[in-house]
Each structure stands twice: as structure tokens, then as C-alpha cells.
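Each remark here refers to the structure printed beneath this line.
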Amino acid sequence: MTLHLYDTATRDERAFTPLTPGKVGIYLCGPTVQSAPHVGHLRSAVAFDVLQRWLERSGYQVTLVRNVTDIDDKTLAKAADAGWEWWAWALKHEREFQAAYAAVGVKPPAAEPRATGHIPEIVAIISRLIDAGHAYEKAGSVYFDVRSYADYGTLTRQALDDLSPATDSPTEDKRDPHDFALWKARKDGEPDTASWDSPWGPGRPGWHIECSAMSQRYLGDEFDIHGGGLDLRFPHHENEQAQSRAAGYGFAHLWMHSAWVTQSGAKMSKSLGNGLLVSEVLAAHEPAALRLALAAVHYRSMLEYSPSTLDEASAQWARFQSFVARASEKVGAVSSADVAAAALPDAFVEAMDDDLGVPRALAVIHETVRAGNAALTAGDDAAVASALLAARAMLDVLGLDPAAPEWAGERAGASSSAMGALDFLVKADIEARAAARAAKDWGTADAIRDRLAGAGIVIADAADGARWSLAADS
RNA sequence: GGUGGAGUGGCCGAGAGGCGAGGCAGCGGCCUGCAAAGCCGUAUACGUGGGUUCGAAUCCCAUCUCCACCUCCA
């Protein structure tokens, strides 16, 4: 089986064929940087990061573009409420998003274009739409004429007459209530810095046009995959597609949408007040555990988030970490190059090729780890070595190789020198405890263990001596 | 009203006609001075009612419940 992906537009899964052999262009709708990132935002980032990693592992050269929509009605409104310049407000949140993405190991995209940096491209595509008879100017604003484009609604199977009217701008200027703004005329009270010159007078871009302009600039008239959260299908993606295709571009060949994070069945969102901020979660849990929690559910299924979600993910992560650490100690560390070149188990490949079946892929990883642990107990070094290599290679595809640089030293964010100093101190206790145990002085041995446990240091005895680790966060 | 999605064992979650994915928690065991970790074992699971079939969680019909998009949303 080769890679098959589910296309939201056609609602079926089919073999993935890139436009250019060996290369894949992906446009991912990034954040509207008007507020702090919550875990739901990270879900789509992680899902498409796994897609990128799997494509790369499959031999493709991937160009992933993830935009930043740094101006829109809400950004202006929230910045004004906070007494901030809108551009400073947007950049503050853009940085928070970047930090959150980096924390959970999302690879930096090939390009991260901002809407405000592409006004000329936006003006150009709007002009093209007007020339083609798909857009019209009214009172300094420009609207997309949905009735002029027969395929409007095909992405999400919407019939115009059944839709509620678009409310992004005053209806009275529109030919049809479903028309939406491509260019918004500057309004009184809006800051001068939020306005650009255009053939239709000063103003700013509407919400959807920036993606049409930027995808075209970085990926060309036609590209392989367009991604984003499920909630962007309508109106955002529908409108994007209408604009780009009506302007004469082939646009996206395949649409992929990631589902959201729910709590008690309800979608996590800022407006419901149930958004869990990334900063809050990372204050209590390891970033890798958060990544694992977000990746563990198939990207098209809702992810039910509860207080135990991160505890479970932490337990799984500790299991992976522990196996990789013990196995590496026993049979020697594996180099990154070997991990990248290692053969992947067939069941893992089949799962990933089937529309990124991460849950099934994870099951293969768990089976491999179990076999590896059994081999450790049995002293079968050859089996340990092969399990270690396979496990790391599979975990690497998911961005969760415990021995990879981004995770290897993450515990407590400690520098290696601090960990070295800690190791020196703890070793002294371990030696004292070993002496007590040798003398069968269990009271002293247990007291030392309890004292260390109180400091978050876990002691585990083994046949060849005790080893210590920092307790998992809770 | 229109469009789409979901109901699986205590919990999270795969699967999509025929040996009960996997994880977490629990219980029993091995190991351990005791633990921890690890390993082994352990479940009357598929919203409800019908139907098709030798066989249905998977197909068909009906029905209930929940969620989402059509304001901003990953």
C-alpha cells in the first residue's frame, strides 16, 4: 500500500500523487494571532507536523507554508480594548504561538508569511477577480460575487440559498447577502497603521483573501495539500477556494482538516471559556507528553480532553523514555543517522500510509517496547538492540524519539552541567543506601529512598545497582 | 432550516462481516528485603429496536442521544 489520504472535498481516501514527483507543497492555515494559544490550536499544528514527517520519511521533499493572519476585526478590537497598538498585539501573540509550536516539537515551516506583508499580492488577486467579473467595488470596499461563480459551495456541499447570510460586512452594499469582503474600506476610528493604499482607496484585506494570495506566491498556482482545522472549512476554505479558482488558479488538489479538542464533548474554544492555555498545561506537564496526547488520537477524530489525558500521556511517555534509556545503556546508543535509516515495521508503515493511522502506529510502538523490555529481562541483547532501533525510528516519525535532541535533556529544563552536579550528589546517597542494604539495614535504606522521593528523585533498584531519575510531573 | 460528524469494556481510543488493536486505571501472579520499573495473566465492549447472513461492533431499515459548521475560531 502506498500513502492514502482522506480528501475533505471528495470525502474519500485515495492514493496520494504529488503534482511534482518527489515534492509536496502544503499550505496550512495558521493562527489568527489575536489571543494566546490553547491546546486546540496545537492539535492541528501537531497533526500536520506528523504529516510532514511521514512524507519526509517516505522520501518526499516537503515545502510547508503556515501563514500568520496578523490583521482582522478581532485583532483590532482586542488590541484597542487592551490599549495596545494592534501590530504589537498581533506580534506578541505570534511569538506565543511560535513558542508553543516549538515547545511540542513542531518543525518550523519553510515559510511563515504574514497577511500584512503581502498587500501587493492581495491587491493583485483582487484586481484579477474584478477583471474576471467575479468581484465588484462598492463604497471603497470590494466584494466577491458568489453568484458569479458556479462552483461556490462545492467544497462543503452548501447550496447558497440554504446558507445564512455572511455577516462580515454590511449587507446593503452587497449584491447578494452571501457575498463576502475581499477588501475592506478604512473606517473612521480605525488606526492609520491598519490601512493600506489600493486602487479602491485606503483599506485592509478581508479575512480570506490573504491565504489565496500567499499560497499562490509561495506554492504556485496549483499545489498539493491545503490543511487546517475542521472549523475553517466554511466559510474560510470555501471562500479561499472560490477566490483562487475564480481568479484562474488551480489551487489545492487535496484538503485535509484536523478535528478539534473537546471537553465533556464540547469543542474547546476561547468564546466558550473552556480553552486550556498551552502555558497552563506546560506549567504542569512535559511538552512531549502534550505532543503525545495530541497526536495519539487520529487527526480526523475528536480528541476528548479530560484531567487524566495528560496523566495518561505522561505515563506512556515515561514508558518510552524508560525503555530507550535502559536499552541504550545495555546495548549502546543508536545514532540519529541510524534511526533515520532504520527499517520500519510493516504494520507501522501500513498504519501511517492509511491516512496517518497514528493510533494503530502507536500500538505497534507499544508492542515493540514490550518485546524490548522482555528482551532486557531475558538478557537477549540482539533483540534489545533491534527493538531499540525500531522503537526510536517509529517514535521519530511521530516527533517523539526520547533520545532526539529536543527531548533528551528536557526534564526540568535542566542543563547538562546541572544534571551532572545532581548526579554527583545523588550518587553519594545511592552509595550510602547500597551500604545499608548490604547490611540489611532496611530502615536506613528506606529512609534514604524516602528522603530523595520527597525531593522528586525516584530510586529504582536493579540487579546491577540502583539508578535514579526525576519523578514525572504531575 | 441547510451541511457534516459521533455514540465501543471504569476511562481514552483503534477497527469496520469471521482468531476481542493499543494505552491508562483495576485485579491476580513473577521478580524485589519492601518498593518502583518490567514481564505474564485477567473484561457479560460495541446507543436502542428490527432485518440480511452460517456468522454483524462492522451491511440494510427505523429510532434515540450528542457534537460541530452556516458569527470569530485549530
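Letters A, B, ... are given to chains in the order of the sequence lines, protein chains preceding strands, and every chain is numbered from 1.
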Distances for protein N or O near nucleotides 2-9 of chain B N or O, under 3.5 Å:
residue : atom : partner   : partner atom : Å
rG2(B)  : O2'  : Asp162(A) : OD2          : 3.4
rU3(B)  : O2'  : Thr156(A) : O            : 3.0
rG4(B)  : OP1  : Arg11(A)  : NH1          : 3.0

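A donor and an acceptor atom, one from each side chain of Ser212(A) and Ser244(A), are located under 3.5 Å apart. For the residue pair Asp176(A)/Tyr143(A), the side-chain donor-acceptor check at 3.5 Å is not satisfied. One side chain, Thr75(A) or Asp72(A), offers a donor N or O that lies under 3.5 Å from an acceptor on the other. Using a 3.5 Å distance cut-off with no hydrogens or angles, the side chains of Thr69(A) and Glu210(A) do pair a donor with an acceptor. For the residue pair Gln34(A) / Lys74(A), no side-chain donor-acceptor distance below 3.5 Å is found, with atom types taken as modelled.
In this entry the distance linking CD of Glu367(A) with P of rG23(B) reads 8 Å, nearest Å. The distance from atom CG of Leu398(A) to atom C1' of rG23(B) is 14 Å, rounded to the nearest whole Å.
Nucleic acid contact for His236(A): none, since no nucleic acid atom lies under 4.0 Å from a heavy atom of the residue. Heavy atoms of Ser306(A) sit nowhere under 4.0 angstrom from any nucleic acid atom. Arg449(A) comes within contact range of at least one nucleobase, with a heavy-atom separation under 4.0 Å. Heavy atoms of Asn373(A) sit under 4.0 angstrom from primed sugar atoms or phosphate atoms, though from no base atom. Contacts of Val364(A) with the nucleic acid, taken as non-hydrogen atoms under 4.0 Å apart, are absent.
The closest donor-acceptor contact from the side chain of Trp407(A) to the backbone of Gly399(A) lies under 3.5 Å.
With a cut-off of 3.5 Å on both Watson-Crick or G-U wobble distances, the partner of rG41(B) is given as rC27(B). Across all strands shown, rG20(B) remains unpaired; no Watson-Crick or G-U wobble contact has both distances below 3.5 Å. A 3.5 Å limit on both hydrogen-bonding distances identifies rG47(B) as the Watson-Crick or G-U partner of rU63(B). Pairing of rA14(B), defined by two Watson-Crick or G-U wobble distances under 3.5 Å, is not identified with any nucleotide. Using Watson-Crick or G-U wobble geometry with both donor-acceptor distances under 3.5 Å, rA68(B) finds its partner in rU3(B).
Checked by distance alone, Asp231(A) brings no side-chain donor or acceptor within 3.5 Å of a matching partner on the base of rC72(B). Within 3.5 Å, no donor on the side chain of Arg319(A) pairs with an acceptor on the base of rC24(B), nor the reverse. Evaluation of atom-type donor-acceptor distances gives no pair under 3.5 Å for the side chain of Arg326(A) against the base of rA37(B). For Glu312(A) and rG23(B), a side-chain-to-base donor-acceptor distance below 3.5 Å is present, hydrogens and geometry of angles not being considered.
For the P atoms, the distance linking rA74(B) with rA36(B) amounts to 44 Å, nearest Å. Here, rG28(B) and rU65(B) have their P atoms 42 Å apart, quoted to the whole Å. Annotation: rG1(B) and rC11(B) have their C1' atoms spaced 37 Å apart (nearest Å).
In this structure, the nucleotide among rG33(B), rG15(B), rC40(B) sitting nearest to the side chain of Arg360(A) is rG15(B). Distances were taken from every side-chain heavy atom of Pro235(A) (C-beta onward) to each of rA21(B), rA74(B), rC70(B); the shortest belongs to rC70(B). Candidate nucleotides rG13(B), rC72(B), rC40(B) were compared by shortest atom distance to the side chain of Val297(A), and rG13(B) ranks first. Among the nucleotides rA21(B), rA68(B), rG33(B), the one closest to the side chain of Arg433(A) is rG33(B). Of the candidates rG33(B), rA74(B), rC39(B), the closest approach to any side-chain atom of Lys267(A) belongs to rA74(B).
The neighbour count for Asp346(A) CG, taken as heavy atoms of other residues, nucleotides or ligands under 6.0 Å away, does not exceed 12.
The phosphate of rC34(B) has neither OP1 nor OP2 within less than 4.0 Å of any side-chain N or O from Arg437(A). Distances shorter than 4.0 Å separate some side-chain N or O of His41(A) from OP1 or OP2 on rA74(B).
For an aromatic pair to be called close, the ring centres must be under 6.0 Å apart, and Tyr6(A) with His298(A) fails this.
Among Gln241(A), Arg233(A), Glu240(A), the single residue meeting the side-chain hydrogen bond (donor to acceptor under 3.5 Å, both in side chains) criterion with His237(A) is Glu240(A).
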